Amino acid sequence: MLVIAVWQGLVSFGFAPAVLLPPPGFVFSRLLQQLVTWTFQQEIAATLIRLFAGFAIAVVLGVSIGIASAANPAINAVVRPIVRVLAPLPKVALYPALLLLLGFGHGSKITLVAADALFPILLSTYYGASTVEQKLIWSAMAAGTPRYEILFKVVLPAAMPSILTGCRIGLVISCIVVFLAEMITSTDGLGHVLVTAARTFQAVDMFVPLITISLLGLILNGLLGVLRSYLLRGFPEA
Amino acid sequence: MTSPAALARRAAPVFACIGLLAMWQVASLALKNDSFPTALEALRAIPDILGDKEALINILASLRRMAMGFGVAVLVSIPLGLLMGRSRAVAAFFNPLLMVIYPVPKAALMPIIMLWLGVGDITKTLVIFLGVSLPVIYHSFEGAKAVEEKMMWSGAAMGLSSLQRLVRIVLPAALPEILTGCRTGLVLALITMITSEMIARQSGAGNILFNALDMGQYDTVFAMIIIVGAMGICLDAIFERVRARLVRWSEPQFDIPLSFS
Amino acid sequence: GPSWAQQTIRVGWTIPAEESKYWMMRRPAEFPNIGKAYNIEWTQFQGTAPMTQALAAGALDCATQAPLSLANGVVGGNLKAYIVAQHVYEKPGGFSVYWAVMNDSPIKTIADLKGKTVGISVIGGGTQGPFNLLLKQNGVDPAKDIKLVEVGFAVSEDALRQGRVDAVNMNQPFAARAEAKGGTRKLFSLSQAMPNIVHILEACRADFVDKNPDLVKAYVRDITSGMKKALANREETLKVVNEVLKAPIPVLETYLLKDNDFGRDPGAAPNFPAIQKMLDIYAETGMLPKLDAAQFKHPTIVAPLE
Amino acid sequence: MKPVTSQLPASKIIEIDRVSQVFQTSARKDHLALSDISLAIEEGAFVSILGPSGCGKSTLLYIVGGFVSPTSGAAKMKGQTITGPGPDRGPVFQEFALFPWKTVLGNVMYGPRQQGVRATEAEAQSRALIEMVGLKGYENFYPKELSGGMKQRVALARTLAYHPEVLLMDEPFGALDAHTRTRLQNDLLNIWERDRKTVLFVTHSVDEAVFLSDKVVMMSKSPGRIRQVIDIDLPRPRRRNELLLDPRYQKYVVDIERMFDEVDESGSAV
Amino acid sequence: MKPVTSQLPASKIIEIDRVSQVFQTSARKDHLALSDISLAIEEGAFVSILGPSGCGKSTLLYIVGGFVSPTSGAAKMKGQTITGPGPDRGPVFQEFALFPWKTVLGNVMYGPRQQGVRATEAEAQSRALIEMVGLKGYENFYPKELSGGMKQRVALARTLAYHPEVLLMDEPFGALDAHTRTRLQNDLLNIWERDRKTVLFVTHSVDEAVFLSDKVVMMSKSPGRIRQVIDIDLPRPRRRNELLLDPRYQKYVVDIERMFDEVDESGSAV
Ligand SMILES: Nc1ncnc2c1ncn2[C@@H]1O[C@H](COP(=O)(O)OP(=O)(O)OP(=O)(O)O)[C@@H](O)[C@H]1O
Ligand SMILES: Nc1ncnc2c1ncn2[C@@H]1O[C@H](COP(=O)(O)OP(=O)(O)OP(=O)(O)O)[C@@H](O)[C@H]1O
Ligand SMILES: [Mg+2]
Ligand SMILES: [Mg+2]
């Protein structure tokens, strides 16, 4: 609400010309108009598929690598330097290579999303898992849990707060990157709608996908919040 | 100090890097793609870049922006995150706000940002700031939420005001978690340092990279990527030292490796 | 001294074909006024569209533009601007942006493109007007009959060779590189749609020009002389371009300022009739409403200026 | 030697007035932890709370500390309704709640420094307290490097260090061996007799309660209620070995233990 | 009624052989927590460890548990050097270490489920244990919703649930009121007499040690050493009220308490 108020204020007091920043009323009415059209729904669907697939891959890889390297010094010795090198690389620079390897469809964009969302999740998981209270692990071991199972039965749940924080950051990054990928090489998706509108100065149409991604972020974050309070119901902070 | 095991641990990063480069070399040879040069080609291009005084100045300019963005982000995000973690009202206010702002790609907002801030350093520093602040805010937020209640109570009983508790109890107690956020932030700072120079370019490391990309000079592109990777390792190593010193008290004392046997 | 002394002009530029501006950037000493009578604040952009936005936002005073992006700014962004100079165009007999296919491709004519995947550097960009026109003339509906994907010029050769696209557009210097390697052939070029296509020109915000006519005049004068220098001294131009593009001189040597390159007007004069023709094509293919090129013409401030 | 007994006309420093506490649990909606508790504590009194595990002793202490506000009713300190924690009421928590980023010395010095005591002075006082609780030599250890009983003693020293008017102690000797416990009981009694602090003391040991207190509050469980308040009418200062031979002391212990058996209705044997 | 005393010729189930433990601390480089500990425990024996706070009792338990490997020396179980934890040795930690993401029932069921017991059966057994420790009705509470003593009882039940051969208990009744403690002592003795488990039991209460044990190991501090091992030669099964009147019992308690005073050289009075 506040965002919209500030936005309206900026427009009404002339801080930004309407051609660059259209009034929110226009944008929202266009959004409603667009939402019911089949083409726009398809664009959203394309973006969502990439977003979820990329994010899901990042979560699975990030959590498993993070936990494995926290649990095992040998794996850690290998993973740690690799992460140090790969994490700060600007993945967009690899995008042209990805395009040629995986084509212009979902594959390259999903990979880019996964590559960018991976490291925040991995790092959070690693730190969460490496600070698990040792006596929890001891208790489980003494109860006869095999070592590899400890990862799923103790380390994973105990590191869950940290993992979910990483996921929240990864999710936001996924939203940004999926858009960026669609903007760089656009054939469909919300990013594509945005660039085409931007190139032709259709300010209202440009803001419709922006608002959509904002709302998507808000909704997804809300869902993550619900998931969080469910998964962490036993933890003191929940 | 120099037992074989310790030496192996020291050398592991070197081996990992060599391994990565070797994998890259093999992959690029197998793919035979102009836009995916071999590791050797990329390595050969590094001296060209680093030998060029102008390029060095460019890279330093980028690093300066990164340091600015990172510094300001840390200074702003930690207090905000901690406040959010300790006050439901603040969290209820900022949480949706941030979630509306962050997912919007900054590249898309360029026209408006340019309108207010021009195309210079401020815009790019802002983009870096936004990239860094995301993980720092959320890790501080969750870290502050998880601070043991009775520690807060102890502080309150000693007469600490809520602000003092925030600084003197929540901050140190959440520090391990905050530093995790800062480390992710550091990674994102490097990435956004480069990508912030994608659309509006001035002197900078990203400028070198994206120009080479536009020109199809892929050995330079990948040489720049290696350089950024190397900067990442250095910054990370420095950060890790600082972290180890700050949160020694929180390190687990016993360690049973959970080997997969 | 003149009223514009020590004023600054904010200029946007891009790569790869603005030799006169590259000269001004890299050899300012050759221009008596730059850095002394007036300053230029250079900002590089990725492509012309962001610069149009920057002009509309008032973040730039002058910038490299393509006719389409400028026209978009006018129609959608309330931008008022003058075309003060021209960088490159397609001179007859010189290089023209073309679509290539592999040698062994079954695609022999434009009509064969039906049902194929076709790469274009920027969807909705400047080349798409003439491209659409040619396709329509050959009975191919650009919206329905082909699958259009965005492929930047830098990767187009690879994309074609990897089979990611069936046909793709080629531009210098990548075209020269691909031709040297062989295995591809030209399917059709933009010059088939119209001659003298203007690719890149220089535009300045009208309000800025009206407020600082002398300043802009000096700028245009330097562009004109820069173009002269670029054409007169190819050896040095190769060096200048190498410094800016960081492309090796041997690569530039294969095409830059040769017959297989774009054309450059010796006085950097904008070709307004050609621009008008392009605007007409954009109107015809439905990309823009009808526009009059005359609105971009300043009565006095336009290259060549001596 | 000044006899401090509950018979002295003293003002009520803490008044707990029909306090109830309901917790929301994930299992069932509401869980009544304290039901209608009323209790007045006189200034300078040593009051122990006894009761079966889970009867709400800690919760009651939290309410007096101002950490938790009761679902209904109110707790008052010197006539003022307690709305939050303050340095006049110093808690020693059952879980210690040491600051893990500070050393033993850092933890103990924290309170005095907060109260504005000069660093050198705070350090001298803190070192004396650390020595009193038997941790000399461990000043620079971090909490994670201490044993359970050592942590508990640090927690005790940390609270004593800033001289709160009222001490709220939740099983402060629970993790200590008999010997250390006896020594610290004596130290606590000395401090109390010297400074006339008011002490609210949760314990599990009937013996300890009788030895230390002017008053023993007996609680029962599910929901937590006050079952009985027993005045301990024994002379002070008390010496453990003298007291052990005192038949009145024996009687108090036996009586209260019997009461305990009546009170505790929970659980079953194998 | 079968008398189980230490006189029975029994095989050594646990042998601790010249074990020392050095900790690296942030304060000084090395801290010797255990020095040259040797101890043999017979199968089915109930052995208590007594000693001043910080003398290394928990550390010794960790070593037998296989959680910590000693700096020098070795601990053996049935002749095999202990290299890691196993379900044959069940610990009850001083800090409880409950799984915060599991309910009371979930925590107690964890062990049996891990041992492959069917869900329904594991649940039935666990519910019985929860009832035994007096927590019926709290099955679906999360650890954060329990009081200190309740957590401790859950930890106890969690370990008993998977029937380890050796129980390693670190002050398992420390946070319990006298009444609950007595009841659980009896329950533990019943289980022990029924299943002939070996128990290594750390406690602070001399009384409790004598009541429960075949053998009391007396430790001294700085560094932790075994001072004396006392065989408790009292008939079994033991009943608390009978025992309290037994002069032999009294003598054991008094002797050990005296020993304690000698052993404990740490700390000073105010
Ligand atoms: N956060 C909470 N949510 C739900 N129930 C709670 C919560 N905290 C405490 N309780 C319940 O309140 C009751 C009283 O708890 P409290 O900690 O005050 O007991 P106590 O008397 O201190 O017990 P102990 O001697 O074992 O420490 C218990 O039944 C407990 O389950
Ligand atoms: N991680 C550690 N680093 C350094 N010193 C440690 C560490 N853990 C324990 N110690 C030291 O080892 C000694 C023994 O500790 P331990 O926990 O075994 O004592 P304890 O006998 O169980 O005491 P308590 O009865 O108080 O629980 C203590 O002096 C303690 O300071
Ligand atoms: Mg309690
Ligand atoms: Mg211990």
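In what follows, every heavy atom counts, from backbone to side chain, and hydrogens, waters and symmetry copies are set aside. Please read all numbers here as calculations on a predicted model, not as lab measurements.
Note: D:Leu176 CG to E:Glu171 CD = 8.5 Å, rounded to the nearest 0.5 Å. Summarising the geometry, atom OG belonging to D:Ser53 is positioned 12.0 Å from atom NE2 belonging to E:His179; distances are rounded to the nearest 0.5 Å. Between D:Ser205 atom OG and E:Asp177 atom CG the span is 11.0 Å, to the nearest 0.5 Å.
The heavy-atom pair separating D:Gln24 from E:Glu145 by the smallest distance is O-OE2, 4.4 Å.
Options E:Gly148, E:Gly56, E:Ala175 differ in how many heavy-atom pairs under 4.5 Å they form with chain D, and the most are formed by E:Ala175. Options D:Lys57, D:Gln152, D:Gln94 differ in how many heavy-atom pairs under 4.5 Å they form with chain E, and the most are formed by D:Gln94.
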Item to check | Working for side chain to side chain contact (heavy atoms under 4.5 Å, CB included), residues E:Tyr138 and D:His31 | outcome: CA-CA 10 Å; E:Tyr138 293 94; D:His31 181 72; 3.6 Å; yes
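Taking the centre of each ring, E:His204 and D:Phe173 stay at or above the 6.0 Å mark.
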